[in-house]
Amino acid sequence: MPELPEVETIRRQLAPRLTGALLVDGWAFASGKFTPALDAVGARVDGVRRRGKYLLIDLDRDGNAEELIVHLGMTGRLSITERWIPTSAAAPTPADRSSWARSTDATDRPGPHLRARWTLDDGRALLFDDVRRFGRIAVVPAGSHDALPTLAALGPEPFDDAFSPEHLRTQVNRSERAVKTQLLSQRIVAGVGNIYADEALWRAGVHPGSRRITRAAAQRLRDAVRDVLAEGIDHGGTTLRNYRDAEGGEGTNQRYLDCYGRAGEPCSRCATILRRSVIDARATAHCPRCQRRGG
DNA sequence: CGATTTCCCTGGCCGC
DNA sequence: TGCGGCCAGGGAAATC
């Protein structure tokens, strides 16, 4: 479940290794969510950026600026092989797998859920693996995000000045939706998913189901969102089940979670048992003592 | 047009 | 051991 800290970790790993590379070949799993990967072939990588949970790979195609956009969904992973052993020009075949299995370098062996591959001009390859196929790939003219409505309507980056307490308060209060739902909507602030939403609300002492927040609560919540995301980045992301960084490594932020996934356990601040609920079809944990409505 | 609901996906885990 | 049921859940399409 890559959220902003996980995507940012991957971005930092990919940027130096990908920038300047020419995408000379591609392969994609036969699904409209992944076949756009082929549209990137023939372009050169100018840089790797991030917006919210979206990875934006800047491309240059004969002077025209394009973007290769990758959303990792729930289980998406990106990695770079040190070398690619093409035994087939198209889909990975059993012969390919056999070849990878003989390799002594684990990075040369994609998993069984490869969804896209870009071969680089120096023989390496960028691989996109996604067990559950919630991920998505698109190639568009630079800045043209009409085909990705959530990206097109994305709120400010959490560390941008535009993500102010007043912005958060007025946006939350103009809707009747629960504050947690709105944090997850990507429209008020970009990049927050279920893990960091629960963590931020717990830290700020805001009930996840609140429909209205005060100025004081908005100030605390704005700061908490920034803090939990910054700490998540510092810890290389949260690995609970599937998340791995671009080098196959696990993050360590799961060691520092106070709220997410801890329903039934005592609150680390007041020892009250954290409560489980479902908000907008998302599993939610909160402390009934620290997080009061209207807080 | 904004809000709400449905659908997409598979692996791990649990109980019988 | 085998298997049905359930859970994880972000984003886009469909529907209200």
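Every value quoted in this text rests on a predicted model; they were computed, and no experiment measured them.
Using a 4.0 Å heavy-atom cutoff across all strands shown, A:Arg133 reaches sugar-phosphate atoms only and no base atom. Within 4.0 Å of A:Ala283, counting heavy atoms only, lie sugar-phosphate atoms of the nucleic acid but no base atom.
Heavy-atom contacts from other residues, nucleotides or ligands closer than 6.0 Å to CZ of A:Arg269 number more than 12.
Set against B:dT10, C:dA8, C:dA12, the side chain of A:Tyr260 has C:dA8 as its closest nucleotide. Closest approach to the A:Arg132 side chain among C:dA12, C:dG10, B:dC9 is made by B:dC9 (side chain taken as heavy atoms from C-beta onward). Of the candidates C:dA13, C:dG10, C:dA8, the closest approach to any side-chain atom of A:Pro149 belongs to C:dA13. With distances taken from any side-chain atom of A:Met74 to the nucleotides C:dG11, C:dA12, C:dA8, the minimum falls on C:dA8. With B:dC9, C:dG10, C:dG11 as the choices, the nucleotide that has an atom nearest any side-chain atom of A:Tyr54 turns out to be C:dG11.
The NE2-P distance, from A:His71 to C:dA13, rounds to 14 Å in whole Å. Here the P atom of nucleotide C:dC7 and the CG atom of A:Leu240 are 18 Å apart, to the nearest Å. Rounded to a whole Å, the CZ atom of A:Phe34 is 8 Å from the P atom of B:dC9. The nearest whole Å value for the distance from the CG atom in A:Leu148 to the P atom in C:dA13 is 9 Å. Look at NZ on A:Lys33: it is 12 Å from C1' on C:dA13, rounded to the nearest Å. Regarding A:Arg276, its CZ atom lies at a distance of 11 Å from the C1' atom of C:dC6, rounded to whole Å. Here the P atom of nucleotide B:dT10 and the CZ atom of A:Arg77 are 16 Å apart, to the nearest Å. When rounded to the nearest whole Å, the span between NE2 of A:His145 and P of C:dA12 equals 12 Å.
Residue A:Glu8 is tested with A:Arg49, A:Lys53, A:Arg50, A:Arg51 for a salt bridge (charged side-chain N to carboxylate O under 4.0 Å, His left out); the sole match is A:Arg50.
Between A:Phe34 and A:Phe29, the ring planes are perpendicular. Angles over 60° get that label, and only those under 30° would be called parallel. A:Tyr54 and A:His71 have perpendicular rings, their planes meeting at more than 60° on a 0 to 90° scale where under 30° would count as parallel.
Between B:dT4 and A:Arg177, a contact under 4.0 Å exists linking OP1 or OP2 to a side-chain N or O. Taking 4.0 angstrom as the limit, A:Gln186 places a side-chain polar atom (N or O) nearer than this to OP1 or OP2 of C:dG11. Proximity of A:His113 to the phosphate of B:dG11: a side-chain N or O atom is located under 4.0 Å from OP1 or OP2.
Rounding to the nearest 0.5 angstrom, the gap separating the CD atom in A:Glu166 from the CD atom in A:Gln171 is 10.5 Å.
Taking only distance into account, the side chain of A:Arg282 meets the base of C:dG10 through a donor-acceptor pair shorter than 3.5 Å.
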